[in-house]
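Encoded as structure tokens, the structure appears first; notes follow it.
Residue numbers start at 1 and run along the sequence shown. Values below: every heavy atom of this structure, side chains too, minus hydrogens, waters and symmetry copies. Source: prediction; values computed, not measured.
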Amino acid sequence: MYQGKTRKILAVLGFLLKEYNLQFKFQTFEMWYNFYGPMDTYSFYNEFGCLTLHNAVQRGEWSIYISEKFSENQYELMKCEICQSDYMTKNYWTFNGWIKGLAQVIKKQIDKERNLFGIPLEKKMLIN
């Protein structure tokens, strides 16, 4: 199950690694505050900041967080939650729909603002 979600996330958001030199890390944690896990995190990061997708596995809930840097401490990763309703114009009932909707939001934001929820990005230079 974990590898399947990771593969799907990388299939949809892998352009962040290929085109913008972001790094990726999957981590699982036993709990989040008073809710016992597993809690999975999928982090995309560079030297300017980190975007983390957080999954409360048993509940099937997904959240989006940003932090100043990547960390192996879940609470450091998740200092600032992104209000999804500010960006996502529709409610998604499946993970596949949600991740594809998020990819559209991210692509529009990069085209318009050249950042990822405030994290500066640099387009990877192609060498012939």
For this session: Evaluate the side-chain contact (heavy atoms from CB on, under 4.5 Å) criterion for residues F29 and Y75: first the C-alpha distance (whole Å), next the side-chain angles of each, then the deciding distance (0.1 Å), finally the verdict.
Result: CA-CA 10 Å; F29 301 94; Y75 299 97; over 6 Å; no
For this session: Would you sort out whether L77 and Q27 count as a side-chain contact (heavy atoms from CB on, under 4.5 Å), showing the intermediate values?
Result: CA-CA 11 Å; L77 278 180; Q27 298 178 91; 3.6 Å; yes
For this session: Take E122 and F48 through the test side-chain contact (heavy atoms from CB on, under 4.5 Å) and record every step on the way to the result.
Result: CA-CA 10 Å; E122 293 181 13; F48 305 112; 4.1 Å; yes
For this session: In sequence, state the C-alpha distance, the side-chain angles, and the governing distance for L121 and L22, and then conclude on side-chain contact (heavy atoms from CB on, under 4.5 Å).
Result: CA-CA 8 Å; L121 297 177; L22 291 181; 3.8 Å; yes
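At a threshold of 4.5 Å between non-hydrogen side-chain atoms, the residues S43 and Q23 do not count as touching. Contact of the T28 side chain with the V57 side chain is not registered, since no non-hydrogen atoms from C-beta on lie closer than 4.5 Å. You'll find the side chain of E68 stays beyond 4.5 Å of the side chain of K79, heavy atoms only.
Rounding to the nearest 0.5 Å places CG of N46 at 14.0 Å from NZ of K69. Atom CZ of F44 is separated from atom CG of L13 by 4.5 Å, given to the nearest 0.5 angstrom. In this structure, F95 CZ and N55 CG are separated by 7.5 Å, a value rounded to the nearest 0.5 Å. To the nearest 0.5 Å, atoms CD1 (I66) and OG1 (T52) are separated by 10.0 Å. Remark: L116 CG to Y20 OH distance equals 10.0 Å, nearest 0.5 Å. The line from OH of Y65 to CD of E76 is 14.0 Å long, rounded to the nearest 0.5 Å.
Relative ring orientation between Y45 and F70 is described as parallel, the plane-to-plane angle staying below 30° on a 0-90° scale split at 30° and 60°.
When all heavy atoms are compared, the tightest approach of L51 to I119 is N-CD1, 3.7 Å.
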N/O donor to acceptor pairs below 3.5 angstrom from side-chain atoms of residues 96-113, sequence neighbours left out:
unit_1, atom_1, unit_2, atom_2, d
W98, NE1, Q84, OE1, 2.7
Q109, OE1, F117, N, 2.5

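Environment of CD in E81: crowded, with over 12 heavy atoms of neighbouring residues, nucleotides or ligands closer than 6.0 Å.
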